Amino acid sequence: MCFRQFLLHSLLLFFILFSRCESIDFNYPAVFNFGDSNSDTGGLVAGTAEPLDPPNGQTYFHKPSGRFSDGRLTIDFLMDAMDLPFLNAYLESVGAPSFQKGCNFAAAGSTILPATASSVSPFSFGVQVAQFLRFKARVIDLLAKGRRLARYLPREEYFKQGLYMFDIGQNDLAGAFYSKSEEQVFALIPYVLSEFETGIKRLYDQGARRFWVHNTSPLGCLPENIVVFGKDPSKLDELGCVSSHNRAAKLFNLQLHALCTKLQSELSDANVTYTDIFTIKLNLISNYSKYGFEQPRMACCGYGGPPLNYDNRIPCGRTASLNGTTVTAKGCDDSTDYIIWDGIHYTEAANQHVSSQILTGKYSDPHFADKMPFLLKLKF
């Protein structure tokens, strides 16, 4: 583990020194994030009282923090790199949360398409955008009444100057496979992206100008999907991932990239950055030992043992009765050996690796250039 940390710090130091050769004088005063569990910092837990038990949060927060991981998410590392505080969830009302530097509308289980009665989260992308619109209107109204709440709220100009981040779409694809064929899932993608485009343009009409869009992950490599859809070995690829799910993710990403290019052309005064999370994560899974990991697909927190240690009847940290026996989905001894935390989400160690790769700029279109100032202030 020490070698991986040394390698990460060495690479990041290189990028810091390299970036100082360029003239970058640009900072984001606030971040507004939309998404699912990949970037949820407490939205679903606050909004639905979804229980999240230990050992979730054990690595960094030392208790459940509303994040579906043992510690920090990729977005936490990115916020740290921008020298901004972790984002509070829009729906979190206890503890006088500060939204001065931004707000997180992401909620685990959320989809781009409108939620249905069977959805894990009622907070689909359209709802999250609507929450933002209310948030912005409420902030402007409160600021107009005086400065008493100014230390908790973003300045009005931050809504135009801020960065708008998106990491959503994974659940639209993964959920569709339970009731649709691969071809039907493919056919669904344009409708999903049409809904996404509508949300982006609503934000643009409200003054948003800086958009950062993450594509979707290699869904087929998650134990949750391997357990259900990978029972037939012929359905798996050379990495042991479900081929159909990864094909759908690739097609989704291809069309999402095209949409981002289209939006950049249409919204001429905006910056639309597309980041290839799929390639970063697939490379990590494919070359896990190179990056200091020991388990590429097996869940750290789960039940069932090798090869996947995942049982969808027992979420991480829960206890249940199976065949008359009481069992608990427990955490592993060292989560830094694992890429996958609970069969669905990534460990803090994996999230840190992903963020370090994002920050190189080479997985983004356009490359960061003078649009992304992160390389000046890396702290991890």
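Residue indices begin at 1 and follow the sequence shown. The figures that follow rest on heavy atoms only: side chains count, while hydrogens, waters and symmetry mates do not. Bear in mind the structure is a predicted one, so any value in this text is a computation, not a measurement.
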**Report entry** Distance (rounded to the nearest 0.5 Å) between Asp311 CG and Glu224 CD
**Finding:** 12.0 Å
Query - Test item: Asp269 and Tyr204 side chains (from C-beta on) under 4.5 Å apart, heavy atoms - result: yes
Query - Stepwise side chain to side chain contact (heavy atoms under 4.5 Å, CB included) check, Lys262 with Ser265 - result: CA-CA 5 Å; Lys262 172 174 173 278; Ser265 175; 5.8 Å; no
Query - Closest heavy-atom pair and its distance - Gly169, Phe252 - result: CA-CZ, 4.1 Å
Report task. Could you grab the distance from atom OH of Tyr152 to atom CG of Leu142, nearest 0.5 Å is fine? Result -> 13.0 Å
Query raised in the report: Is there a side chain to side chain contact (heavy atoms under 4.5 Å, CB included) between Phe99 and Val139 once you walk through the steps?
Result: CA-CA 10 Å; Phe99 300 107; Val139 165; over 6 Å; no
Query - Heavy-atom donor-acceptor pair, Arg297 side chain to Leu239 backbone, under 3.5 Å - result: yes
Query raised in the report: Under 3.5 Å, is there a donor-acceptor pair between the side chain of Asn88 and the main chain of Ser98?
Result: yes
Query raised in the report: Do the side chains of Met298 and Phe293 join up, straight or via other hydrophobic residues, at under 4.5 Å, putting them in one cluster?
Result: no
Report task. Go through Tyr310 and Ile340 one step at a time and tell me if the side chain to side chain contact (heavy atoms under 4.5 Å, CB included) criterion holds. Result -> CA-CA 10 Å; Tyr310 178 76; Ile340 305 298; over 6 Å; no
Query raised in the report: Is Asp141 paired with Lys145 through a side-chain N to carboxylate O contact shorter than 4.0 Å?
Result: yes
Query raised in the report: Are Phe32 and Phe159 close enough that their ring centres sit under 6.0 Å apart?
Result: yes
Report task. Apply side chain to side chain donor-acceptor pair (under 3.5 Å) to the pair Thr275 and Ser364, showing each step before the final yes or no. Result -> CA-CA 4 Å; Thr275 299; Ser364 293; 2.8 Å; yes
Query - Heavy-atom closest pair, residues Val31 and Leu84 - result: CG2-CD1, 3.8 Å
Query raised in the report: When you measure from the side chain of Asp70 to the backbone N and O of Glu348, does any donor-acceptor pair fall under 3.5 Å?
Result: yes
**Report entry** Leu52 with Val120, same ILVMFWY side-chain cluster at under 4.5 Å
**Finding:** yes
Query - Side chain Ser69, main chain Tyr346, donor-acceptor under 3.5 Å - result: yes
Query raised in the report: Does Pro315 reach the side chain of Asp342, with side-chain heavy atoms less than 4.5 Å apart?
Result: no
Report task. Could you tell me whether Arg209 atom CZ has more than 12 heavy atoms of other residues or ligands within 6.0 Å of it? Result -> yes
**Report entry** Separation between OG of Ser217 and CG of Asn246, rounded to the nearest 0.5 Å
**Finding:** 10.0 Å
Requested in this report: Look only at the side chain of Thr198 and the backbone of Ser194, and say whether a donor-acceptor pair between them is shorter than 3.5 Å.
Outcome: yes
Query raised in the report: With the threshold set at 4.0 Å, does a side-chain nitrogen-carboxylate oxygen contact exist between Glu50 and Arg318?
Result: yes
Query raised in the report: Do Ile280 and Ile358 touch side chain to side chain, with heavy atoms closer than 4.5 Å?
Result: yes
Report summary line: Looking only at heavy atoms, the pair that brings Tyr28 and Gly162 closest together is CD2-C, 4.3 Å
Report task. For Thr360 and Ser356, indicate whether the former's side chain and the latter's backbone hold a donor-acceptor pair under 3.5 Å. Result -> no
**Report entry** Any Tyr274 side-chain heavy atom under 4.5 Å of Asn253 side chain
**Finding:** yes
Query raised in the report: Are Arg72 and Asp80 ion-paired here, with the side-chain N under 4.0 Å from a carboxylate O?
Result: no
**Report entry** Donor-acceptor contact present, side-chain Ser110 to main-chain Phe123, <3.5 Å
**Finding:** yes
Query - Pair Gln170-Asn38, side chain to side chain donor-acceptor pair (under 3.5 Å): steps then yes or no - result: CA-CA 9 Å; Gln170 175 174 321; Asn38 290 312; 3.1 Å; yes
Report task. Classify the ring geometry between Phe166 and Phe34 as parallel (under 30°), tilted (30 to 60°) or perpendicular (over 60°). Result -> parallel
Report task. Would you check if Leu173 and Ile189 make a side-chain contact, meaning some heavy-atom pair closer than 4.5 Å? Result -> yes
Query raised in the report: Given the rule that I, L, V, M, F, W and Y join up when any side-chain heavy atoms are under 4.5 Å apart, are Tyr158 and Phe132 in one cluster?
Result: no
Report task. Looking only at non-hydrogen atoms, find the nearest pair between Leu143 and Glu156 and report the distance. Result -> CD1-N, 4.0 Å
**Report entry** Cluster link Phe177 to Leu113, ILVMFWY, side chain under 4.5 Å
**Finding:** yes
Query raised in the report: Any idea which heavy atoms bring Ser355 and Thr74 closest together, and the distance?
Result: CB-CG2, 4.0 Å
Requested in this report: Could you tell me whether the side chain of Asp276 and the main chain of Thr279 form a donor-acceptor pair under 3.5 Å?
Outcome: yes
Query raised in the report: Got Pro55 and Trp341 here, is their nearest side-chain heavy-atom distance under 4.5 Å?
Result: yes
Query raised in the report: SG to SG, are Cys332 and Cys300 under 2.5 angstrom apart?
Result: yes
Query raised in the report: Minimum heavy-atom separation for Ile339 to Tyr288, with atom names?
Result: CD1-CB, 3.8 Å
Requested in this report: Please confirm whether the backbone N or O of Leu87 pairs with a side-chain atom of Thr41, one donor and one acceptor, at under 3.5 Å?
Outcome: yes
Report task. Measure the shortest side-chain to side-chain distance between Glu92 and Val94 over non-hydrogen atoms and say whether it is less than 4.5 angstrom. Result -> yes
**Report entry** Rounded distance (nearest 0.5 Å) linking atom CG of Leu193 with atom CD1 of Ile112
**Finding:** 6.0 Å
Query raised in the report: Has Lys63 got more than 12 heavy atoms of other residues, nucleotides or ligands less than 6.0 Å from its NZ?
Result: no
Report task. Enter the distance from Thr216:OG1 to Asp167:CG here, rounded to the nearest 0.5 Å. Result -> 7.0 Å
Query raised in the report: Using 30° and 60° as the class limits, which term best fits the ring planes of Trp212 and His214: parallel, tilted or perpendicular?
Result: perpendicular
Query - Derivation and outcome, side chain to side chain donor-acceptor pair (under 3.5 Å), residues Asp334 and Thr336 - result: CA-CA 5 Å; Asp334 187 354; Thr336 63; 2.5 Å; yes
**Report entry** Co-membership, hydrophobic cluster, residues Leu133 and Val127, 4.5 Å side-chain
**Finding:** yes
Query raised in the report: Say you draw a straight line from OG1 of Thr347 to CG of Leu73; how long is it, rounded to the nearest 0.5 Å?
Result: 11.0 Å
Query raised in the report: Taking side chain as C-beta onward, heavy atoms only, is Leu263 less than 4.5 Å from Glu197?
Result: yes
Report task. Given side chain to side chain contact (heavy atoms under 4.5 Å, CB included), test Gln128 with Gln131 step by step and report yes or no. Result -> CA-CA 5 Å; Gln128 292 179 27; Gln131 289 174 333; 4.2 Å; yes
